[in-house]
Amino acid sequence: MDLEDTMAEKLTSQSVDFPRWYQEVVQRAQLAENSPVRGSMIIRPYGYALWEQMQSVLDGMFKETGHLNAYFPLLIPESFLRKEAEHIEGFSPELAIVTHAGGKKLEEPYVIRPTSETIIWDAFSNWIQSYRDLPLLINQWANVVRWEMRPRLFLRTTEFLWQEGHTAHATAEEAHEETIRMLGVYAQFAEEYMAIPVIQGVKTEREKFAGAVKTYSIEAMMGDGKALQAGTSHDLGQNFAKAFDVKYQSAEGTEEYVWATSWGVSTRLVGALVMAHGDDQGLVLPPRLAPIQTVIVPIYKGEEQRGVVLEACGRMEAALKDSGARTHLDDRDQFRPGYKFNEWELKGVPVRIEVGPRDLEKGEVVLAFRHNGEKKSLPIEQVTAQVMNVLEEAQKGLFEKALASREDRTYTVDSYDEFKERIDGGGFFLCHWDGTTETEEKIQNETKATIRNIPLEAPDDPGQCMVTGNPSARRVIISKGY
RNA sequence: CGGGGUGUGGCUCAGCUUGGUAGAGCGCCACGUUCGGGACGUGGAGGCCGGAGGUUCGAAUCCUCUCACCCCGACCA
């Protein structure tokens with residue numbers, strides 16, 4: 001009873017029950033809620049605004065790197081998926097299939113896209129004839145459906161929104177470069193915009209995308225020390241080109257199969273943001289992505305003060321918007337300031353500006369920072385000049401905090417016994433692994449932890465597999481994951 | 001698919017054992033007092049108790065069937 005009473009006001013503490021904290025934050029900050037269809041979520045305006053911020057930045061980065069947006073159909077003939085053997089095998093357990101339409105049974109069932117390689121490569125086979133058509137750099141923003149048994153808002157839902165890039169190249173080298181380049185774009189986005197440090201690396205054979213030659217990922221550490229795959233980039237080799245017979249004529253006149261990549265990030269990134277920075281007060285959003293960067297909370301007693309304070313707030317709102325800050329003035333009269341402070345903290349707004357009669361007398365306002373809880377007074381006329389600076393400081397502070405937190409919880413371990421003892425405490429473990437699927441599965445079965453990836457930047461550091469003692473060229477990241 | 005559980009105003013739940021006029025807190029609406037860290041008072045709106053059938057003078061409560069959802073074990077951006 002006590003617990004439920006407090007629940008109405010306070011969030012479950014992260015240290016008590018992190019998953020429950022996550023669930024509560026997502027719903028109470030009005031990012032999303034469960035829908036009547038199990039596994040599907042309703043993304044509410046505040047959550048969608050956050051996704052739109054992400055989309056807008058990423059879309060710019062894709063265009064900057066030469067990609068063009070297009071849109072391919074939601075429904076894919078089932079036979080298309082069957083053309084690439086590994087692809088259909090990997091995806092079949094999570095497919096939703098349309099068998100009836102127009103009041104009758106369909107000749108051929110349509111799969112609701114779980115990803116679009118097949119329908120896109122079918123089109124590419126018509127688009128590509130010559131080396132002059134290459135590289136072909138396409139991106140699409142879309143929804144996909146992958147049937148989920150254990151859904152979690154944003155992290156694992158049956159339907160989710162994402163972006164999928166699909167490219168075709170003349171050579172294996174070019175395709176490989178594209179794969180790595182887009183992985184780098186994701187890493188840059190994660191670090192510079194989401195303020196989340198990530199580790200770029202290769203997935204193991206077992207974890208790679210169904211139909212890929214190699215899968216690369218960026219892995220981020222969440223507030224509880226678990227890993228989250230925040231983006232993937234696949235080197236598809238010629239697998240799809242062969243399955244869909246996509247050949248081009250080279251300058252020398254020979255006929256060659258093209259080389260492919262695909263890469264994607266999804267609304268899972270919203271979950272990553274929540275879990276990487278959030279605290280017991282709620283969300284903590286990085287200024288560059290926050291839908292509201294500064295919120296103005298007026299403080300007043302009585303009608304007379306209300307008029308004066310709101311007028312000052314209105315001027316400040318206009319000035320802040322002019323200087324480029326996404327600003328909201330919370331002029332609701334039915335809530336007191338303390339309530340608003342808590343609500344905007346729950347929603348993760350980076351900077352709160354408190355404007356009361358005492359401040360106005362001194363010609364000042366109070367700035368309160370979400371990421372470190374600090375408050376300071378500032379002369380009114382300096383606010384607009386300084387706001388972008390303080391937001392950038394907050395952005396940087398948030399990244400540094402996340403980086404320090406990850407470094408604190410990254411361990412180099414050589415003994416499997418020690419690993420087994422410590423893995424439940426969370427964190428990234430840098431360990432030697434002999435490269436076999438058997439050992440990988442043994443680790444997962446015995447500890448529930450998985451090899452997240454093999455870092456690209458790992459130095460050569462020969463050693464012995466902590467499980468089998470067999471030789472290992474470099475360390476891999478092992479962690480429990482989402 | 002195996003094990004456990006829950007369905008009662010928007011939300012969290014009580015009531016069910018032992019049938020007898022549907023309740024509480026929060027939220028919502030109105031008015032007033034408040035307003036520098038989650039305000040208070042007064043009044044008010046809102047529910048065929050998941051669904052179907054049965055027992056009974058009478059069912060949220062007992063019986064049967066059914067549906068849905070949640071939690072725990074095998075895949076995944």
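No experiment lies behind these values; they were computed from the predicted model shown. Below, chain A is the first sequence line, B the second, and so on; all start at residue 1. Hydrogens, waters and symmetry mates play no part in the numbers below; they use all other heavy atoms, side chains included.
Looking at heavy-atom distances under 4.0 Å, A/Glu164 makes no contact with the nucleic acid at all. Within the 4.0 angstrom heavy-atom criterion, no nucleotide atom of any strand lies near A/Arg332. Contact annotation for A/Pro114: no contact, since no heavy-atom pair falls under 4.0 Å across all strands. As judged by a 4.0 angstrom heavy-atom cut-off over every strand, A/Gln305 is placed among residues making no nucleic acid contact.
Per the geometry, CG belonging to A/Leu11 stands 16 Å off P belonging to B/G38, to the nearest Å. Rounded to whole Å, atom C1' of B/G36 lies 5 Å from atom CD1 of A/Ile299. In this entry the distance linking CD of A/Gln27 with C1' of B/U12 reads 13 Å, nearest Å. Straight-line distance from the OH atom of A/Tyr300 to the P atom of B/A39: 13 Å, rounded to whole Å. When rounded to the nearest whole Å, the span between CZ of A/Arg336 and C1' of B/U33 equals 11 Å. Taking atom NZ of residue A/Lys340 and atom P of nucleotide B/C35, one finds them 14 Å apart after rounding to whole Å. A/Asp333 places its CG atom 9 Å from the C1' atom of B/C35, with the value rounded to the nearest Å. The interatomic distance linking A/Gln334 (CD) with B/C40 (C1') rounds to 16 Å, in whole Å.
The stretch residues 359-375 of chain A touches RNA chain B through A/Asp359, A/Val366, A/Lys375, each having a heavy atom within less than 4.0 Å of the strand.
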Find every protein N or O atom lying less than 3.5 Å from an N or O atom of nucleotides 70-77 of chain B, and list the pairs.
from: B/C70; atom 1: OP2; to: A/Arg38; atom 2: NH1; distance (Å): 2.7
from: B/C72; atom 1: OP1; to: A/Arg150; atom 2: NH2; distance (Å): 3.4
from: B/C72; atom 1: OP2; to: A/Arg150; atom 2: NH2; distance (Å): 2.5
from: B/G73; atom 1: OP2; to: A/Arg150; atom 2: NH1; distance (Å): 3.3
from: B/A74; atom 1: OP1; to: A/Lys448; atom 2: NZ; distance (Å): 3.3
from: B/C76; atom 1: O2; to: A/Glu148; atom 2: OE2; distance (Å): 3.2
from: B/C76; atom 1: N4; to: A/Arg156; atom 2: NH1; distance (Å): 3.4
from: B/A77; atom 1: O3'; to: A/Gln229; atom 2: NE2; distance (Å): 2.4
from: B/A77; atom 1: N6; to: A/Thr157; atom 2: N; distance (Å): 2.8
from: B/A77; atom 1: N6; to: A/Thr157; atom 2: O; distance (Å): 3.2
from: B/A77; atom 1: N3; to: A/Ser266; atom 2: OG; distance (Å): 2.7

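Between A/Glu159 and A/Arg146, no side-chain nitrogen of the basic residue sits less than 4.0 Å from a carboxylate oxygen of the acidic one, so the salt-bridge criterion is not met. Ion pairing between a basic and an acidic side chain is recognised when a charged N comes within 4.0 Å of a carboxylate O; A/Asp424 and A/Lys480 show such pairing. Salt bridge present: A/Arg206 and A/Glu441 bring a charged side-chain N and a carboxylate O closer than 4.0 Å. Electrostatic pairing of A/Glu219 and A/Lys203 counts as a salt bridge here, judged by a charged N lying under 4.0 Å from a carboxylate O. Under the 4.0 Å criterion applied to side-chain N and carboxylate O atoms, A/Glu33 and A/Arg44 are assigned as salt-bridge partners.
For the C1' atom pair drawn from B/A59 and B/U55, the interatomic distance equals 10 Å after rounding to whole Å. Using C1' as the reference atom, B/G3 and B/C29 are 46 Å apart when rounded to the nearest Å. B/G7 and B/G46: their P atoms are spaced 25 Å apart (whole Å). When the C1' atom is compared between B/G9 and B/G15, the two are found 15 Å apart, to the nearest whole Å. Atom P of B/C71 sits at a distance of 28 Å from the matching atom of B/C26, rounded to the whole Å. Between B/U34 and B/G19, the distance separating the two C1' atoms is 48 Å to the nearest Å. Taking atom P in both B/C49 and B/U61, the straight-line distance is 9 Å, to the nearest Å. For the P atoms, the distance from B/G23 to B/C72 is 37 Å, rounded to whole Å.
Base pairing in RNA chain B yields stems of at least 3 consecutive Watson-Crick or G-U pairs, both distances under 3.5 Å, namely B:1-7 with B:67-73, B:10-13 with B:23-26, B:28-33 with B:39-44, B:50-54 with B:62-66.
Between the side chains of A/His166 and A/Ser262, no donor N or O sits under 3.5 Å from an acceptor N or O.
At a threshold of 4.5 Å between non-hydrogen side-chain atoms, the residues A/Val351 and A/Phe369 count as touching. Counting only heavy atoms from C-beta outward, the side chains of A/Val144 and A/Glu164 approach each other to under 4.5 Å. With a 4.5 Å cut-off on side-chain heavy atoms, A/Ile112 and A/Leu75 count as touching. A 4.5 Å side-chain heavy-atom check between A/Trp51 and A/Leu31 finds every atom pair outside the cut-off. The closest side-chain heavy-atom distance from A/Arg352 to A/Val297 is below 4.5 Å.
Judged by the 6.0 Å distance and 45° axis criteria, A/Lys226 is positioned over the aromatic ring of A/Tyr482.
A distance of 10.0 Å separates CZ of A/Arg452 from OG1 of A/Thr204, quoted to the nearest 0.5 Å.
Side-chain atoms of A/Glu345 come within donor-acceptor range of the base of B/G37, with a qualifying N/O pair under 3.5 Å.
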